[in-house]
Amino acid sequence: MSQTNQTVQIDDPTSAQGSAGAAAETAAAPAPLDTLERSRLLVVDGHSMAFRAFYALPAENFSTDTGQHTNAVYGFTAMLINLLRDQKPTHVAVAFDLDTPTFRDTEYSEYKGGRSRTPEEFHGQIDLIIKVLEAMRIPTLSMEGFEADDVLATLAVDAANRGWDVQVVSGDRDVFQLVNDRVTVLYPKQGVTNIPQMDAKAVEEKYFVPPHLYSDLAALVGETADNLPGVPGVGPKTAAKWILKYGGLDGILENLDSIGGKVGGALRENIENVKRNRRLNRLLTDLELPVNLEAMAAQRPDRDTVEDLFDALQFNVLRKRLFDLFGEEEPDVPGQEMAPPEHQVLTDAAELKGWFNGTNQATAAVQVVTRATSGGEEAVGVALVTDTAAIYVPFEELDADAERVVGDWLQDLHAPKVVHDFKAAYKLLSARGFTLAGEVDDTAISGYLIQPDRRSYELADLSQVHLKLTLATSTAAAGGQQALALEEEDVATPAVAAAFAALELSRHFAGQLVERGANQLLAGLELPLSEVLARMELTGISVAVDGLDRLYDDFSATMANTSAEAFRIIGKEINLGSPKQLQAVLFDELALPKTKKIKTGYSTDADALTDLIVKTGHPFLEQLLAHRDASKLRQTVEGLRKSVADDGRIHTTYVQTIAATGRLSSMNPNLQNIPIRSDEGRRIREAFVVGPGYECLMTADYSQIEMRIMAHLSGDEGLIQAFREGEDLHRFVGSSIFHVAPEDVTTAMRSKVKAMSYGLVYGLSSFGLSKQLAISVDEARTLMGDYFDRFGAVRDYLRGIVEQARKDGFTSTIEGRRRYLPDLSSDNRQLREMAERAALNAPIQGSAADIIKKAMLGVDDQLRSRGLVSRMLLQVHDELVLEVAPGEREEVERIVRTEMAGAADLSVPLDVSVGTGTSWHEAAH
DNA sequence: TCCGATACGTA
DNA sequence: CGTACGTATCGGAC
């Protein structure tokens, strides 16, 4: 139902637009002779209109996911579509200037001088406009040594001589000289939407002279935009007065001496400028153009090219407008061109076998259909769609033979499959005893690799964005409908549609993946990893529930004590979890010093409160902090307790498509933020234990992987040497920058160095460093200066990263994973600086993610191929947690060390530390 | 019931 | 005015 509503809403404005267009055509119909007999030429000055569009639309609001700005392209294209719609020209062409000098530059070297540099955001947009024009089959022209306006003038005169009507679109006033009873100028008044027609009458009204004398007037007045000074003190009115009196500039020159007054003197003094202006502003009308007017006959756009290009530019609205204008069917009308194939429901073993054989190893999209159960959802069937056929297989109607046939195909490595969210499908099918294999694409992951900072990779969203295909949302929704006792048929159709969409998407993404060098990242890393993750999730980690319960009680008791004490101190009970109520108590009632300002008043976060303790020593604060700690820990414990499954284990869900840097994320529950820093918090890790039948847990983590990557990427010899010598990094660096022997590096020195090293990876400023270390900004700056003096290549690298990213529009990791950062060229300083810090961090954090992902593949592969029972359970960014079977500890440790250390070939060693124990806490080292 | 703001846990 | 995440709670908006 909501589906229908949505469609109506989306379609309504369009159909209104469409009918308006149709009405306009009907209105023009009564005068067919006029439109039929007389050709109408529309010629556009490409650069000048592109610039108008650029300055009319904010660049930061128009960019593709790849960071290419498109405001000028958008504005230009919108304008062009409007012109085609409103003016209905029979012939169209667009002229562009070239970078090469024109005869005007040769004659006057300062011609158009003093113009500011083309803004960064404009780069590349002219090329895109030319592509748009190609797609619209509109010829583009440019002539070496001449300006676009000369081309326009030549065309205008040629067409007018043939008796055509001509419209010249330009933001350059010089074209007014072309106006006559055949030729009008469309001169943008404001932006690119308001483009009034200037005919002879309009020119005369505005400039007081007829169009053929406009250039005389412009010569006298001058043109700042072209750096052509005129006669000081002479504006259009004076100039017009002279021109009308003497019949034009020639007449004025003949009567120079009879022009009196101060301006007359100025005219005589500047007469050479005026003559030069007149020579320069005369447009040439006799160029030898390589194409004739016939070649400019208006054509329908090249539909396929428009679709591809407008997709890439993300011009969905414009694409619609353009297709409306030409009466083209929109491709994204649901169930029309992209209609999924008819499907059959197959349950018979022989028929299934026949169908699988008939696919001939063609790629099939797989969509699992689920039903909600008390504990989650279960697979009830699967929709399979190839290029030529579609079936739905309801599991519950299969006999043992049929089930075997389906199972064989699902696990057939030579039956290539496209899945949207392979990991989810793998887990669902696995619960029914099927193994899903032979995956060649996961459209969610492909979409992520192409655009890693999208918030959603839902099939419906990707289909809408990339295919313009509206999808009847999820199969879960279909399942829900089924629960409402709708006919059973309903589950298959949306699933077939979804599989079809995935198949189309996969095809659509293939080229883009190659283009972005993400092919290997998908096939060699993310796709195999998704299966590894699926098995890790299915395995889960064993939890000592009684331990969690004890912790819950402990933390509850602490909460009770601290809150009671806190309330006693302030003499009343408030909600300690409400920042608002805390603010009232702290800053109004207790009148404590103000802390850092936030949107809703003053901060009550741990930093601020600790600060207040130092300043005031107020006893309430101590209780409040202790209460917060206990409350946070209890909340963590409670969340974990609720996530323990019937098998006594916690099964997190890793999301491969969330973090823009390439990291995994962990959800429901998040096992990547289990406390470790405080003693109390660390107790929670004691509750993660080795499961029955296994000997111990093993943790293996990379030490200082990000700094090692920094050393590698920067090639800094000092840093590389530090790691090669395998000494305490921070001590080594400290000894370098403080000029003392390593053994004389104090704890304070070491912690400063450590903070700075890590801060650098995040784009830390001296201000931030000073705040964190509670030192002065000067001291922080000196510290950073000393650091960079000693490790200069690090500074060069960090600078280079941002520069390169600004140029490319993206950063890259060692495996070629890209992150697009369009905000690097934002006018908004805050946005731009945020993007700069992200650019510093992304290659490092992302490379670390690449490395541990590769290591996971290696570890999993080794464990399995050696037939070991031990298994990976968790990944925490730079750490792996494994469950080790009896007798396998040594071999597993060797594997883990080898695979983790060998996951990348850096100029520094990858150091791995390993520990074992019966709990996660104990296994930590 | 939803959502922004705040706070805080991890690497 | 340090990157990348997920989750819980509060309290205002709906």
Side-chain angles (χ1 to χ4, degrees), chain A residues 452-453 455 574-583 595-596 598-609 624-625 627-640 642-643 652-678 680-682 684-685 701-707 710 755-773 777 780 784 798 801 811 819 821 829-830 833-846 848-849 852 874-880 920 924:
Chain A
D453 42 17
R455 56 236 66 68
I574 60 163
N575 184 343
L576 294 176
S578 163
K580 200 182 170 205
Q581 293 180 39
L582 281 175
Q583 282 175 26
T595 59
K596 181 178 58 178
I598 54 173
K599 279 181 190 164
T600 58
Y602 298 97
S603 173
T604 65
D605 69 15
D607 261 0
L609 295 182
L624 174 58
L625 278 175
H627 182 269
R628 276 241 184 99
D629 277 348
S631 161
K632 177 79 181 172
L633 291 171
R634 189 181 80 166
Q635 163 205 312
T636 303
V637 169
E638 190 183 3
L640 291 174
K642 281 193 215 150
S643 340
T652 185
T653 302
Y654 290 104
V655 192
Q656 236 170 318
T657 55
I658 290 275
T661 51
R663 274 189 176 179
L664 297 176
S665 84
S666 159
M667 280 177 44
N668 300 321
N670 181 357
L671 294 187
Q672 290 178 325
N673 71 341
I674 303 302
I676 192 169
R677 288 173 192 171
S678 74
E680 285 295 282
R682 227 177 348 253
I684 297 177
R685 292 189 175 222
D701 60 57
Y702 286 114
S703 56
Q704 297 146 338
I705 188 169
E706 294 193 336
M707 282 306 290
M710 173 98 99
M756 186 158 53
S757 287
Y758 280 99
L760 289 179
V761 177
Y762 303 143
L764 185 68
S765 63
S766 47
F767 179 90
L769 184 65
S770 73
K771 206 168 66 112
Q772 199 199 318
L773 294 178
V777 177
M784 285 179 87
L798 292 173
I801 278 288
T811 60
R819 174 166 188 189
L821 293 161
R829 200 182 89 175
Q830 198 186 339
E833 290 181 343
M834 279 174 60
E836 284 169 359
R837 291 192 294 271
L840 291 176
N841 179 253
I844 299 174
Q845 190 183 113
I852 195 163
L874 304 179
Q875 187 252 43
V876 193
H877 307 308
D878 65 357
E879 171 188 10
L880 297 178
W920 193 2

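Here C/dT9 presents its P atom at 20 Å from CD of A/Gln583, a figure rounded to the nearest Å. To the nearest angstrom, P of C/dT7 lies 13 Å from NZ of A/Lys642. Remark: C1' of C/dA4 and CG of A/Leu764 are 16 Å apart, rounded to the nearest angstrom. One atom, CG of A/Asn673, and another, P of C/dA8, lie 10 Å apart when rounded to the nearest Å. Rounded to whole Å, the distance from NE2 on A/His627 to C1' on C/dC10 is 14 Å. Atom P of nucleotide C/dG11 and atom CD1 of A/Ile574 are separated by 10 Å, given to the nearest angstrom.
Here A/Ser766 lies out of heavy-atom contact (under 4.0 Å) with every strand. A/Leu664 comes within contact range of no nucleotide atom at all, as no heavy-atom separation falls under 4.0 Å. Backbone-only engagement by A/Arg819 is indicated by non-hydrogen atom pairs under 4.0 Å involving sugar-phosphate atoms exclusively. If you check every strand for non-hydrogen atoms under 4.0 Å, A/Gly577 touches sugar and phosphate atoms only. Across all strands shown, A/Ser603 has heavy atoms under 4.0 Å from sugar-phosphate atoms exclusively, and none from any base. Within 4.0 Å of A/Ala660, counting heavy atoms only, lie sugar-phosphate atoms of the nucleic acid but no base atom. Counting non-hydrogen atoms under 4.0 angstrom, A/Ile598 reaches the backbone sugars and phosphates but no base. Here A/Leu671 lies out of heavy-atom contact (under 4.0 Å) with every strand. Looking at heavy-atom distances under 4.0 Å, A/Ala842 makes no contact with the nucleic acid at all. Looking at heavy-atom distances under 4.0 Å, A/Arg628 makes contact with sugar-phosphate atoms alone, never a base. Looking at heavy-atom distances under 4.0 Å, A/Ile844 makes no contact with the nucleic acid at all.
Paired regions of DNA chain C, where each region holds three or more successive Watson-Crick or G-U pairs whose two hydrogen-bonding distances fall under 3.5 Å, are B:1-11 with C:3-13.
Between the side chain of A/Thr595 and the main chain of A/Ser603, a donor-acceptor pair closer than 3.5 Å is present. The main-chain N or O of A/Tyr762 is never found under 3.5 Å from a side-chain atom of A/Asn841 such that the two would form a donor-acceptor pair. Side-chain N or O atoms of A/Arg663 include none that pairs as donor or acceptor with a backbone N or O of A/His877 at under 3.5 Å. Side chain of A/Tyr654 to backbone of A/Gln875: a donor-acceptor contact under 3.5 angstrom is found.
Applying the side-chain hydrogen bond (donor to acceptor under 3.5 Å, both in side chains) criterion to A/Asp629, with sequence neighbours excluded, gives no partner residue.
The P atoms of C/dG2 and B/dG4 are separated by 25 Å, rounded to the nearest whole Å.
Of the residues in residues 632-640 of chain A, those with a non-hydrogen atom less than 4.0 angstrom from any atom of DNA chain C are A/Lys632, A/Gln635.
In the 5' to 3' direction, nucleotides of DNA chain B lying under 4.0 Å from heavy atoms of chain A begin and end at B/dA5 to B/dA11.
Looking at which nucleotide of DNA chain C each of A/Phe767 and A/Gln581 is closest to, the 5′-most match is held by A/Phe767. A residue-by-residue look at A/Thr661 and A/Pro669 shows that A/Thr661 has its nearest nucleotide of DNA chain C further toward the 5' end.
Rounded to the nearest 0.5 angstrom, A/Met834 CE and A/Leu821 CG are separated by 10.5 Å. In this structure, CG on A/Leu609 lies 7.5 Å from CG on A/Leu582, to the nearest 0.5 angstrom.
Between A/Asn668 and C/dT7, a side-chain N or O to OP1/OP2 separation shorter than 4.0 Å is present. Within the 4.0 Å cut-off from OP1 or OP2 of C/dG2, at least one side-chain nitrogen or oxygen of A/Ser765 is found. Between A/Arg837 and C/dT3 there is a side-chain N or O to OP1 or OP2 distance below 4.0 Å.
Residue pairs meeting the salt bridge (charged side-chain N to carboxylate O under 4.0 Å, His left out) criterion with at least one member in residues 758-767 of chain A, sequence neighbours excluded, do not occur.
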Just the atom pairs and distances: protein N or O near nucleotides 12-14 of chain C's N or O, under 3.5 Å.
| unit_1 | atom_1 | unit_2 | atom_2 | d |
| --- | --- | --- | --- | --- |
| C/dG12 | OP1 | A/Lys580 | NZ | 2.8 |

